[in-house]
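The shown structure was predicted, so the numbers you read here are calculated from the model rather than taken from an experiment. Start at 1 and go down the list; that is how both ligands and their atoms are numbered.
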Amino acid sequence: MPTQVHLFDFTRSELETFVRELGEPRYRADQIWEWLYLHLVDSFDQMTNLSLELRDQLSEIAVIHTIEPIAETDSQETPARKTLFQLEDGDGIEAVLMHYHSRDPDYSSKTAGEPLGTDASQDRARHTACISTQVGCAMGCVFCATGQMGLLRQMSAGEVIEQVVYLARELQYEGKRLTNLVFMGMGEPLANWPATSQAIETLNDADGFNMGARRMTVSTVGLPPGIRKLAQAGIQVRLAVSLHAPNDELRNQLVPINAQHPLSEVMDACREHLGSTSRRLTFEYVMIDHVNDFPKHAKELASLIEGLLCHVNLIPLNPTAGSDMRPSSYGRCVAFRGILQQHGIPTTLRGRRGTDVQAGCGQLRTRVEEGLVGRTIAAES
Ligand code: SAH
Ligand code: SF4
């Protein structure tokens with residue numbers, strides 16, 4: 001059989017072309033788009049307004065499943081579940097579903113990029129999917145399990161989108177809706193611009209998935225060309241920039257790509273993004289004990305970002321097997337936050353949400369490979 005096409009790989013206009021080439025009227029593309037992105041069906045059989053012949057034909061030439069959930073881990077500490085997916089070529093990637101309630105003290109700050117206080121007065125739950133864009137990552141951040149793998153391959157747009165649809169289906173099954181999306185799993189989304197931008201556009205489509213741009217956050221290690229593309233694409237998604245150090249000397253050690261794109265370039269690109277979107281930026285800062293968590297670092301960080309419309313998320317390090325770095329103590333984190341706040345910078349100290357599900361990116365895959373964690377889904381059925 002010739003290779004089957006993956007329907008999640010198609011943009012809306014590509015789906016129209018595909019449908020036209022099958023000799024079907026254009027509205028069939030709209031119907032299929034709605035089945036995929038509005039009704040979240042998981043088989044062609046469920047596309048009941050298509051003829052039986054067309055459904056049969058589609059199941060021969062097309063697929064809507066290319067990623068297979070093979071293990072999942074529920075957090076015992078917080079409402080979070082991490083799923084390990086196997087891609088068609090056998091590689092593993094991870095996605096996490098996190099649940100927040102407005103009574104949660106961290107509720108208003110948990111989605112990166114969302115300004116403090118947003119929605120806090122409304123008593124409604126938020127369900128956030130954190131998805132991967134690459135198998136591994138080439139950026140080599142020393143504290144990161146994904147970076148320690150290196151880049152194995154890019155993910156396709158369909159593979160990126162399918163993670164979101166899978167998690168949204170999981171929620172739909174429980175009568176809930178996915179409310180937020182963060183590109184913060186394995187990989188560097190701006191180093192896979194084609195898949196990232198297509199996923200944003202597809203999921204944003206008002207006739208389908210309809211995820212508002214403001215509810216999507218792209219987290220980047222800080223690639224200025226990518227940040228500019230995002231700004232110029234005119235999509236109002238939120239941007240989170242992983243800084244982790246306030247000067248080039250220290251950042252070069254923690255985030256090797258900084259040697260190519262030093263902080264001054266990253267900050268210029270951030271200003272450009274702010275100028276074109278007026279969206280508050282988030283800076284992510286992993287707190288590593290006695291490495292980047294001294295008061296002098298907090299002061300330096302404050303002067304680097306002072307005056308920008310931004311918010312800082314301090315994230316205690318999730319230790320990984322590939323590094324002996326440790327998370328900063330609570331006291332050091334609080335002192336660091338205090339200095340930023342004195343400079344008028346809104347700062348959140350994140351709890352170690354989901355550390356027991358290895359919520360630091362790349363960690364579930366690593367632990368499953370080592371046979372240490374994970375309910376194996378296939379073995380249960
Ligand atoms: N490549 C992108 C997005 C994926 S990483 C980026 O770097 O932003 C998502 C976030 O997890 C980043 O802020 C990253 O620095 C952080 N992270 C990676 N490893 C971590 C660890 N071991 N502990 C805590 N945070 C980690
Ligand atoms: Fe890549 Fe982000 Fe991990 Fe750095 S932190 S290695 S950019 S996934």
Q: Heavy-atom contact under 4.0 Å between Met186 and ligand 1?
A: no
Q: What atoms in ligand 2 come closer than 4.0 Å to a heavy atom of Gly147?
A: 6 (S)
Q: Step through the shown structure and confirm whether more than 12 heavy atoms of other residues, nucleotides or ligands are within 6.0 Å of CG on Asp89.
A: yes
Q: In terms of ring plane angle, is the pair Phe18 and Phe10 parallel, tilted or perpendicular, where the classes change at 30° and 60°?
A: tilted
Q: Using a 4.0 Å heavy-atom cut-off, which part of Cys141 comes near ligand 2: side chain, backbone, both, or neither?
A: both
Q: Examine Glu284 against ligand 1 and note whether any of their N/O atoms are separated by less than 3.5 Å.
A: no
Q: Going by the ring-ring contact (aromatic ring centres under 6.0 Å, His included) test, which pairs reach into residues 287-310, not counting sequence neighbours?
A: His290-Phe294, Phe294-His297
Q: At a 4.0 Å threshold, what atoms of ligand 1 neighbour a non-hydrogen atom of Thr220?
A: 6 (C), 8 (O)
Q: Same hydrophobic cluster for Val63 and Ile32, using side-chain heavy-atom links shorter than 4.5 Å among ILVMFWY?
A: no
Q: What orientation do Phe336 and Tyr285 show, parallel under 30°, tilted 30 to 60°, or perpendicular over 60°?
A: tilted
Q: Which ligand 2 atoms does Met139 reach within 4.0 Å, using its non-hydrogen atoms?
A: 1 (Fe), 7 (S)
Q: Specify whether an N/O/S atom of Cys137 falls short of 2.8 Å from atom 1 (Fe) of ligand 2.
A: yes
